[in-house]
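Before any comments, here is the structure.
Chain identifiers are assigned alphabetically (A, B, ...) following the order of the sequence lines, protein sequences preceding nucleic acid strands; residue numbering begins at 1 within each chain.
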Amino acid sequence: MASNSSGGGSSDRQRIARQRLSRIAGHLQRPADGSSAIVAAECKAHGSQADVPGEEKTVPRRRQEIMKWNGWGYSDSRFFFNKKGQAEFTGRRYRLSGLIIPGLKDWFESTFGASLQHKTPATPILNSSAVQPPTLNEAFVEELKSTGIPLSHDAEDRVFRAHGHCLHEIFALREGKFGRVPDMVVWPNCHNDVVKIVELACKHNVCLIPYGGGTSVSSALECPPEETRSIVSLDTSQMNRILWIDEKNLTAHVEAGIVGQDLERLLNESGYCTGHEPDSMEFSSLGGWVATRASGMKKNVYGNIEDLVVHVKMVTPQGVIEKSCQGPRMSTGPDVHHFIMGSEGTLGVVTEVTMKIRPMPEYQKYGSVVFPNFEQGVACLREVARQRCAPASIRLMDNEQFKFGHALKPQVSSIFTSFLDGLKKFYITKFKGFDPNRLCVATLLFEGDREKVLQHEKQVYDIAAKFGGLAAGEDNGQRGYMLTFVIAYLRDLGMDYYVIGESFETSVPWDRVLDICRNVKARIIRECKDKGVQFSPLSTCRVTQTYDAGACVYFYFAFNYRGLSDPVHVYEQVEHAAREEILANGGSLSHHHGVGKLRKEWMRDTISKVGMGMLKSVKDYVDPNNIFGNRNLL
Amino acid sequence: MASEAVYTHRDPMLKKRDDFEDILEERRNSSDLRYALRCYIPVLYKELTPCKASELKSMVLQSDQLRYVINQVCKETGMAADEVQAEAAAILEEMAHRLQLSTIRFFAFTLSKVFKTLFRSICVNEEGIQRLQQAIHEHPVVLLPSHRSYMDFLLMSYILYTYDLALPVIAAGMDFMAMKFVGEMLRMSGAFFIRRSFGGDKLYWAVFSEYVKTMLKNGFAPVEFFLEGTRSRTCKSLTPKLGLLNIVMDPFLKGEVFDVSLVPVSISYERILEEALYARELLGVPKPKESTSGLFKARKVLSEDYGSIHVYFGQPVSVRSLAQNRVDRCQFNLIPRHIPRKPGEDIHSFVNDSAYRLVRAQEENMVLKPWVLLASLLLQNHHQMQVAEQKQEMALDELTEQAVWLRDLSRQYGAFLHWPDHVSPSEAVSSSLSLHRGLVRISEGRVQLAFEQGGQTRPGEPCSTVTPEEELLNQAVIILSCASYRNQALHIFLRPALLASAIHTASSSNKQEVYNSFSFLRNMFSNEFILCPGATVQDFEEACYLLVKTGALQINQQEFVVTERGHRTLGFLTRMLDPFLQGYQVVCRFLCEDATEGLTEKQFVPAVRKFIIRHILTGRLRYTEVLSSDLQKNSLAALLRLGAVQKLKGGEEQGTLKVNKVMVNSLEDTLGGKLPTQKAVVARL
């Protein structure tokens with residue numbers, strides 16, 4: 001998505017042809033009457049083909065073939081400082097790939113007081129012998145083997161599934177340290193495989209931890225150290241097919257292991273999309289979204305995961321839970337989907353989801369607006385929300401983040417563009433009198449048919465003008481969104497040079513937005529100072545989603561840890577303090593990252609004692625033996 | 001953090017304090033006019049968006065909070081919205097300051113002249129000024145000076161101007177506004193005026209609190225007010241008033257600012273301008289209404305020497321760190337923040353505790369002059385001689401010897417004593433005495449309090465021109481003036497003195513027994529002195545620590561043993577508290593014996609005064625200072641708090657006092673050491 005945003009796109013004829021083709025393909029694929037025997041047969045057939053080379057698959061069973069074991073994303077894509085001290089981004093997957101980013105070094109050094117002389121390289125090779133030998137439940141393994149479901153107790157496979165992307169998790173991996181890791185990995189191929197695995201796990205009292213895309217930032221994938229049973233990681237990545245598309249109702253039935261980019265790509269081939277684009281969509285999976293109540297960048301048009309889901313199938317120790325029909329809304333007591341959404345792998349495994357789809361938008365346009373200060377920017381977003389005219393995405397970055405985005409500008413090819421940039425800067429700071437240390441930028445993304453987009457665009461820019469906002473071009477907007485995808489890679493670069501950091505999010509009522517931004521940023525700075533961090537940290541935020549009654553705010557926080565004996569501990573203390581500050585300022589525990597184990601301690605205060613009791617009793621009924629024992633949430 | 005550092009020191013001796021710089025010295029050597037007109041560029045709050053005083057008003061009037069209350073008032077009274085709006089605007093108009101630099105410059109000039117004639121020096125701790133400057137830059141600041149004189153707030157602004165600091169806006173009582181010209185001048189120097197009482201007036205409260213909060217949140221200027229609410233006529237710190245403190249803490253608690261810095265400021269006068277005025281007021285001669293002409297009449301004060309002033313800017317206290325682990329700010333999450341709500345129990349007790357800590361911080365940085373010690377000694381001597389029916393005077397040498405002893409003791413207790421160490425003790429004593437020649441007289445090497453007719457006439461002996469009662473009151477003026485200086489040292493000795501008295505009254509020297517006694521006294525006197533709520537154990541431990549450390553006391557297996565040299569210390573300490581003990585007992589006796597049915601709160605002070613005068617004149621009570629209405633009111637407040645007296649509310653009996661004689665009687669006996677404390681506690685329950 002970051003790499004190629006289709007503009008006006010292909011011609012109509014081509015598109016129609018493609019649609020027809022996919023329809024035919026759909027007919028061929030669709031099971032005759034959905035009887036389980038046939039599904040299972042299909043599943044098996046498919047499974048046997050799984051290893052056939054040439055099949056297009058983003059996530060292989062052996063993730064190590066394409067992904068880093070101790071950092072974010074693809075092995076071929078990473079930032080580094082070249083011999084001239086300029087930052088470069090490798091690979092060919094992203095728009096930034098292969099480009100030089102001249103401003104990054106100065107920004108990096110001046111923001112963090114870091115130096116390219118002081119390196120903290122990661123352990124290069126995963127040392128399998130440092131991984132604990134697996135504790136296996138022999139009976140379970142035997143019976144599982146007889147089902148033919150692929151499994152592994154290879155150390156690499158296990159380490160890959162023992163972590164998400166919290167700072168402490170990655171930091172430990174870079175140092176070559178492994179805590180408790182799963183004892184075994186299984187790759188079910190379809191719903192029925194999962195049913196079998198769960199049955200066997202119950203029978204043999206084995207702990208199951210579902211694993212989707214592995215992008216968790218809530219310690220949700222960490223194996224509970226107190227767990228003494230054999231821990232089996234249930235990797236859903238091979239359950240990645242679109243089982244059918246229903247064009248009459250605009251729904252698609254999809255296996256839950258599919259990752260975001262595949263889902264969009266495959267749907268696009270049929271002329272559809274879900275429009276669900278979390279920042280992690282390259283790697284995160286549909287089942288993961290459901291299990292954590294994910295939110296997508298374009299939720300203003302398409303909705304968040306809870307708005308998109310029509311039907312869910314989940315395998316629990318008590319059996320399979322699903323609704324009997326696909327009615328768009330029901331009044332049948334509390335919605336059982338809401339026990340599933342946000343259950344964070346504590347109740348079962350989501351195997352199949354029916355979700356809404358939309359025809360692909362005809363036209364997409366990026367945009368950006370510069371505001372004289374953050375206050376004005378927030379006021380503008382609030383007004384946009386009041387008028388309910390938010391574009392597919394609207395995000396407001398504060399001044400620090402604006403500067404950060406600026407530092408990530410790739411080398412410009414022509415003198416003309418750099419001249420143009422200079423002119424723009426002159427216009428905004430000198431002619432319009434914006435203070436470069438206060439101004440901030442909103443990035444916009446419009447989607448729909450061309451005429452409506454242009455109309456919509458005008459409406460939003462008119463509102464922005466009332467708050468002193470100046471249109472600042474498509475380029476700035478697009479770069480803002482691209483940053484989302486590469487920022488995780490940047491953390492790895494920072495970690496090569498004594499800089500650690502992370503982001504966290506919250507949602508907050510409108511009247512609190514400015515206060516929470518100011519207070520949390522200030523709290524981070526103060527806590528760092530109190531904890532002996534030598535150089536003032538990067539403490540920045542952006543408003544990433546608007547709602548009728550509030551907004552989602554993202555905080556980024558990073559610091560140079562030279563001179564600290566236990567940087568991760570300091571980091572955790574500061575993050576803890578920041579979360580306390582968020583809660584004290586009326587923010588929520590999480591907007592879409594989830595609770596995991598990282599934020600468990602605040603759950604009781606968040607949902608009240610009775611609320612906890614409700615969730616606990618559901619857990620006790622559904623999973624009395626704690627088979628899904630990742631101990632998230634409660 | 002900072003606040004912790006202010007309160008947790010175990011050993012008062014280790015308190016570190018800054019040095020002083022005399023700001024008048026430069027004034028004496030360079031032009032006042034140039035000083036008044038010099039370039040003034042203060043450091044401001046880093047997030048300040050500059051705005052004029054008039055813009056401030058419209059911000060207040062348009063605030064969500066005020067609009068909400070206006071709406072509410074409309075609904076309740078049926079008035080039109082614009083009518084209520086106009087009323088709010090009028091309230092704000094009456095209240096608002098019009099801070100102008102030109103007026104400050106005028107004051108800078110005239111006050112320089114006045115200060116130079118009145119005072120020898122005005123000493124300021126410059127490190128405190130630097131801390132303040134830093135604080136102003138970082139967070140909204142609240143200045144909390146002690147309040148002993150009308151001078152206080154002009155002096156504060158004068159000092160801040162001198163050091164190029166942001167000029168404060170000051171909450172002042174409405175009574176100032178009555179002074180036509182001066183009121184306006186004060187307004188233009190940053191004062192804003194609030195009514196003394198506006199209990200039920202919702203609109204007034206809303207305008208007022210929003211006005212203060214707006215100034216604070218925007219960092220328009222440091223907000224200054226007096227925690228004690230009014231000038232302390234006795235020079236004892238008054239129990240803090242919470243209204244304004246509540247208001248300035250609110251923006252932090254609701255997350256509207258990251259933090260608020262509270263800066264306690266201790267202003268100590270070597271000699272207080274209003275000294276005799278206060279004494280008269282306490283004795284029941286009503287204070288003259290503030291008027292401009294009255295101020296001019298007060299000109300004669302200009303010809304006298306008032307010694308020096310010490311102004312100590314304390315460590316800024318962060319509201320954030322005070323509130324840490326104390327207040328759950330999430331409680332504000334569920335109701336829109338602009339809807340006014342009565343603070344909950346936890347907030348109330350938090351603000352109350354903070355207020356006490358801040359007043360304690362003020363007390364601790366009060367500079368004590370040798371005279372304060374001398375006044376304590378002279379008063380004690382006076383009463384001792386009175387009992388012995390001897391001449392109430394003291395040899396100068398003896399006074400000096402005792403003063404040196406007390407100097408060392410008070411230093412061990414952590415007093416911030418400014419004793420001139422470069423001169424001999426006798427010189428220090430005589431120069432102190434000479435500054436207060438209105439209160440003491442020295443003849444032939446003997447010192448006595450300066451009563452009009454001399455102390456020769458024994459009480460009760462009729463005199464030709466004045467009635468005994470008039471003479472008594474004249475004496476009382478002197479005694480109360482002296483007592484006001486002694487009171488300045490009270491906070492140093494208070495805790496050990498409570499312990500000493502507890503040992504004295506307790507039935508045995510068992511630690512638990514003494515603690516019970518201590519706890520009883522502390523509870524009894526908590527309207528009289530600054531005793532932090534809920535800190536009984538800490539206070540007891542501190543008192544024990546000090547007395548043991550100074551060798552006055554030993555604790556052997558839960559038994560207190562007073563050492564040989566400890567008797568002197570404990571004697572001094574018990575005598576210090578004795579007037580209060582006796583005073584409270586007399587009030588109790590009055591309520592039991594002499595209070596008529598239907599006595600109202602208003603009639604209480606005149607009636608009890610009459611009762612006390614009778615007792616003194618008949619020789620049944622020796623402490624003239626019990627005539628202080630402050631003490632009488634405090635004791636009544638204590639009895640009300642303990643439930644020994646009840647105040648009837650509503651109906652025709654509004655304000656009538658209902659006395660529980662059994663309980664008052666038992667309290668009196670316990671104060672006199674006639675009942676073990678355990679019993680009194682039971683009696684109370």
Worksheet item: At a heavy-atom separation under 4.5 Å, does B/Val327 approach chain A through its side chain, its backbone, both, or neither?
Response: neither

Practice prompt. Drop me the distance from B/Cys330's SG to A/Ile582's CD1, to the nearest 0.5 angstrom.
Written response: 11.5 Å

Discussion item. Using heavy-atom distances under 4.5 Å, tell me whether B/Asp328 contacts chain A through its side chain, its backbone, both, or neither.
Written reply: neither

Side chains of residues 434-442 of chain A: which donor-acceptor pairs under 3.5 Å do they make with residues two or more places apart or in other chains?
from: A/Asp435; atom 1: OD1; to: A/Asn437; atom 2: N; distance (Å): 2.8
from: A/Asn437; atom 1: OD1; to: A/Lys403; atom 2: NZ; distance (Å): 2.7

Discussion item. So that I can tick it off, tell me whether B/Arg320 and A/Glu581 are bridged by a salt bridge, with the cut-off set at under 4.0 angstrom between side-chain N and carboxylate O.
Written reply: yes

Please tabulate, for the side chains in residues 369-380 of chain A, all donor-acceptor contacts under 3.5 angstrom to protein atoms that are two or more places apart in sequence or on a different chain.
from: A/Asn373; atom 1: OD1; to: A/Glu375; atom 2: N; distance (Å): 3.3
from: A/Asn373; atom 1: OD1; to: A/Gln376; atom 2: N; distance (Å): 2.8

Worksheet entry | A/His569, NE2 atom: more than 12 neighbouring heavy atoms under 6.0 Å | no

Discussion item. Report, in residue-number order, which members of residues 511-518 of chain A are under 4.5 Å from chain B by heavy-atom distance.
Written reply: A/Asp511, A/Arg512, A/Asp515, A/Arg518

Worksheet item: Side chain, backbone, both or neither: which part of B/Gln331 has a non-hydrogen atom closer than 4.5 Å to chain A?
Response: neither

Worksheet, complete the sentence: For A/Leu583 and B/Asn333 the tightest heavy-atom approach is O-ND2, 3.3 Å

Worksheet item: Taking every heavy-atom pair that is under 4.5 Å apart, which of B/His338, B/Glu256, B/Arg337 has the most such pairs with chain A?
Response: B/Arg337

Discussion item. Under the salt bridge (Lys or Arg N to Asp or Glu O under 4.0 Å) definition, can you give me all pairs with a residue in residues 341-355 of chain B, not counting sequence neighbours?
Written reply: B/Arg326-B/Asp353

Discussion item. Could you check whether any side-chain heavy atom of A/Arg526 comes within less than 4.5 Å of a side-chain heavy atom of B/Phe258, counting everything from C-beta outward?
Written reply: yes

Worksheet item: Do other residues, nucleotides or ligands put more than 12 heavy atoms under 6.0 Å from the NZ atom of A/Lys609?
Response: no

Worksheet entry | Minimum heavy-atom distance between B/Gly255 and A/Asn519, given as atom pair plus value | O-ND2, 2.8 Å

